[in-house]
Amino acid sequence: MILIANGTVLTMGKSNQVIQDGGVLIQDSKILEVGSTQDLQKRFPEAEFIDARGKLIMPGMINTHMHLYSTFARGMDSKSKPPKTFGDILEGLWWKLDKLLTLDDVYYSGLTPLIECIKTGTTTIVDHHASPMAITGSLSTLAKAAKEMGVRAAFCYEVSDRDGDEIAQEGIKENVDFIAQCQAQPDSMVAGMFGLHASLTLSDQTLTKCSEEAKRLGAGFHVHVAEGKEDLDDSLSKYGMRVVERLEKFGVLGPKTIAVHCVHIDDHEIDLLKASKTQVVHNPESNMGNAVGVTPVLKMLSEGVKVGLGTDGYTCDMFESGKVANILHKHAMANPSVAWGEVPQMLYGNNPEIASDLFGGKFGELTEGAWADVIVVDYVPPTPIGSNNWSGHLLFGVSGRSVETTVINGRVRMLDRKLIDIDEEAIGARSRELAQKLWNRI
């Protein structure tokens, strides 16, 4: 039993309470009680006490679109010409990197960002993986890394026809095998989805096969949708329909599916996403960095589409992603009044719902019975904080590096900025060694 107390508790969720001098009592993997420090200490004196020292106690953050495999690109010279388009970025960077990954690379390029997740208070991720020359076993390798670090994670392999039919079929099998394994051995810390790269790299034949297999397994898809204009142009020229229309034709849309980006979509496609209850994930920093455009997030939310927030591997810090989303949509709309409510809804409302759909249980709130994913943040508010303004405090006063303590599934992974049972130095050294070897192969 663990008691994290003597802090300002943000329960979030439906109760949306701010409890001054409050605490969270954890038993095993769930939250047992939330209340005042004095009362909880009095009734549970035997609980291990973690002193928040007046700082914030809040739910762990959730990243609903991540690419762990992108780690070795950090600081890398891809030896390509400067990109002019999103297609240039795919061909000159990501499609060079992913082909060079070995299973050992996959493992260490997973470990290092998972450590960053712990350090920045991200307790749950939904990952999208690619390693076309090391497909078989790649998802189990990532799941092993996540279990060792103690981060809750969902994985999929991105099926694509860009490297030929044999590799596409191997990608399909990797998804099928991993999803079946997750279903046979249910684990609240690991989940499987059916990964697809994007419409522009998937033939009708491959989409049909993927749709049949996912339907048989009852699995949802995780797919990039109209991220760059290239995806839209390809779908229109080859198939005479827009990207979301094509995915709907093949049964990809649905309440278990995550459609990532959705930058170049129109009103009809928004209607299709809404009608199918497909979940969308917005990645503001990646979209800006790749210069692909601005996702019509505000319109989708106003129409009732569930939109979450991710990072696309750009960062592990979800506080950072929230800050960028807030200013991006103000800038794009030339309206300082927008995104105040929408971004917190994505980050603190919709992301927990997406996670709940994948793993089961309650996420994103400190209430009885919710998963014990709890962080302590080094922030003492300089002005009053309450249920009506905590999101403003987090927006302007907190970053991922403000996180001091991270508890995931009731297990302490970082305490007062010290990682627990994780040899960061050894992992980092091996990661740098493998990255250099990969860079030498370019």
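- Counted by atom type alone, N350 and Q345 present one or more donor-acceptor pairs between their side chains at under 3.5 Å.
- Taking CD1 of I31 as the start and CD1 of I2 as the end, the distance is 11.5 Å to the nearest 0.5 Å.
- Within 6.0 Å of CD in E46 there are more than 12 heavy atoms belonging to other residues, nucleotides or ligands.
- Using a 3.5 Å distance cut-off with no hydrogens or angles, the side chains of D231 and H224 do not pair a donor with an acceptor.
- Annotation: cation-pi geometry not satisfied between K362 and W371 (NZ/CZ under 6.0 angstrom from ring centroid, within 45° of ring axis).
- Counting heavy atoms from C-beta outward, F178 and V190 have side chains that approach closer than 4.5 Å.
- Q205 CD: 12 or fewer foreign heavy atoms inside a 6.0 Å radius.
- With D105 as the partner, the salt bridge (Lys or Arg N to Asp or Glu O under 4.0 Å) test is satisfied by one option alone out of R441, K99, K437, R430: R441.
- The CD1 atom of I422 sits 9.5 Å away from atom CE of M414, with the distance rounded to the nearest 0.5 Å.
- In the displayed structure, K330 atom NZ is contacted under 6.0 Å by more than 12 heavy atoms of other residues, nucleotides or ligands.
- Ring geometry for H128 against H222 counts as perpendicular: the plane angle is over 60°, on a 0 to 90° scale with 30° as the lower cut.
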| query | Are R152 and D373 close enough, and set up right, to give a salt bridge (charged side-chain N to carboxylate O under 4.0 Å, His left out), and what steps lead you there? | reply | CA-CA 9 Å; R152 200 183 305 269; D373 298 346; 3.0 Å; yes
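- Between the side chain of Y157 and the main chain of S131, a donor-acceptor pair closer than 3.5 Å is present.
- With a 6.0 Å radius and a threshold of 12 heavy atoms from other residues, nucleotides or ligands, K96 has its NZ atom above the threshold.
- Summarising the local packing, CD of Q169 is surrounded by more than 12 heavy atoms from other residues, nucleotides or ligands at distances under 6.0 Å.
- Atom CZ of R74 has 12 or fewer heavy atoms from other residues, nucleotides or ligands within 6.0 Å.
- Listed for the D161 side chain is no donor-acceptor partner under 3.5 Å among the backbone atoms of G164.
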